[in-house]
Protein chains: 2
Amino acid sequence: MSQKLPNRDAVSYGEAIRSKSVRVTKHRLLIMTALSHERLPISIRDLTKKVRSCNESTLYRSLESLVDAQLVRRVHLDGAAARYELSIDRPHHHHIQCVRCGLIQDVDICVRSKEEAVLRSTPAFASVVDHSLEFFGICKPCASR
Amino acid sequence: MSQKLPNRDAVSYGEAIRSKSVRVTKHRLLIMTALSHERLPISIRDLTKKVRSCNESTLYRSLESLVDAQLVRRVHLDGAAARYELSIDRPHHHHIQCVRCGLIQDVDICVRSKEEAVLRSTPAFASVVDHSLEFFGICKPCASR
DNA sequence: AGAGTATATGCAAATTATTTGCAAATAGCG
DNA sequence: CGCTATTTGCAAATAATTTGCATATACTCT
Ligand SMILES: [Mn+2]
Ligand SMILES: [Mn+2]
Ligand SMILES: [Zn+2]
Ligand SMILES: [Zn+2]
């Protein structure tokens, strides 16, 4: 799971962005490149430290666009702030976080195959377009302490 | 799925709370009773309107305790604010929300059976204690509009 | 390449969400 | 009932997210 960050170049992200009919801007490229350097979902607060040239409002607005375009995923773990990670270049996945120390790791379990069952059980819905899935546990160091 | 709110009395919630070695207070009983009247996860902002006698700080702190005690679940759907729902009196479940209109419905699909696989794929973790799972889709009215 | 238009960004301010300190109130225990 | 650990109210701090508006920029068309 995870690891092996392809670290593509900005041009390549430009193509990815354009293909979703989202405007390719300097900031969006910077944001996606910054995210590509992260191994785990990062909060906007932390991202501002990595993309200094980008105003915080722009971060919020750009990430919103990128999430809509499915180039980035928004993840809710502990704490009130959302975190973000690239959703291209690495396989779709989810996370597990230690409730004691906050450690986060990727996990490759997914529920996409359950979407059909979801639709069967909720006749009010016509389709499933996305899902969020996060596990919480206790990491080994915390368990043996 | 869902529906059929047992609407138990405060005494009964008192026992549930005590059984988790959490102090039984007037506010906690009021909060759990208020939650028992909700069909869907509710934000703290909305909950303050239902539990007028309870200070907002108390709501935050009480809900934190109740979540820790697993009597309440915290749910992240659209928007920045967390929502809360009782986690007793009705079976463990998750939700699906329409990305167009915000409609929320309960879903009985779950991933508990995948926890073992999660542990196998993340050797750094000793146990899984919880998970969050939410689906997003398009409801039929929105789909045919 | 240049003009025109829709969209993005900076900046400051507003709003919303959550957390905290501390004194007073209360629950649980004997 | 009296004691002690917790909880609560209140006000204030902090954190997170959103918004208005003037300016800058991306993309389309010529
Ligand atoms: Mn990840
Ligand atoms: Mn529910
Ligand atoms: Zn998935
Ligand atoms: Zn579940």
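Chain A is the first sequence line, chain B the second, and so forth, proteins listed ahead of strands; every chain is numbered from 1.
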Value in whole Å for how far the C1' atom of C:dA17 lies from NE2 of B:H76: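 Taking NE2 of B:H76 and C1' of C:dA17, I get 12 Å after rounding.
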Distance, rounded to the nearest Å, where B:L59 contributes CG and C:dT19 contributes P: 13 Å
Parallel, tilted or perpendicular: rings of A:H94 and A:H131 (30°, 60°): tilted
B:K50 with B:E38: basic N within carboxylate O range, under 4.0 Å: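 Answer for the salt bridge query: yes.
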Pair A:R74 + A:E64, salt bridge at N-O below 4.0 Å: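 Yes, A:R74 and A:E64 are salt-bridged.
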Under 4.0 Å protein heavy-atom contacts per nucleotide of nucleotides 18-30 of chain D, with B for base, S for backbone only and - for none: BBB-----BS---
Residues within residues 42-51 of chain A bordering DNA chain D, heavy-atom distance below 4.0 Å: A:R45
OP1 or OP2 of C:dT26 under 4.0 Å from side-chain N/O of B:H27: no
Residue-phosphate contact under 4.0 Å: A:S62 side-chain N/O, C:dT9 OP1/OP2: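 Looking at the OP1 and OP2 atoms of C:dT9, one of them is under 4.0 Å from a side-chain N or O of A:S62.
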Candidate pair B:D130 and B:R73, rule salt bridge (charged side-chain N to carboxylate O under 4.0 Å, His left out), full reasoning: CA-CA 10 Å; B:D130 197 11; B:R73 307 196 108 224; 2.9 Å; yes
Earlier contact from the 5' end, DNA chain D, for B:C54 and A:A81: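 The residue whose closest nucleotide sits nearer the 5' end is B:C54.
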Five-pair end axes of the helix from C:dA1-D:dT30 to C:dG30-D:dC1 and the angle they enclose, rounded to 10°: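 Between the axes fitted at each end of the helix from C:dA1-D:dT30 to C:dG30-D:dC1 lies an angle of 60°.
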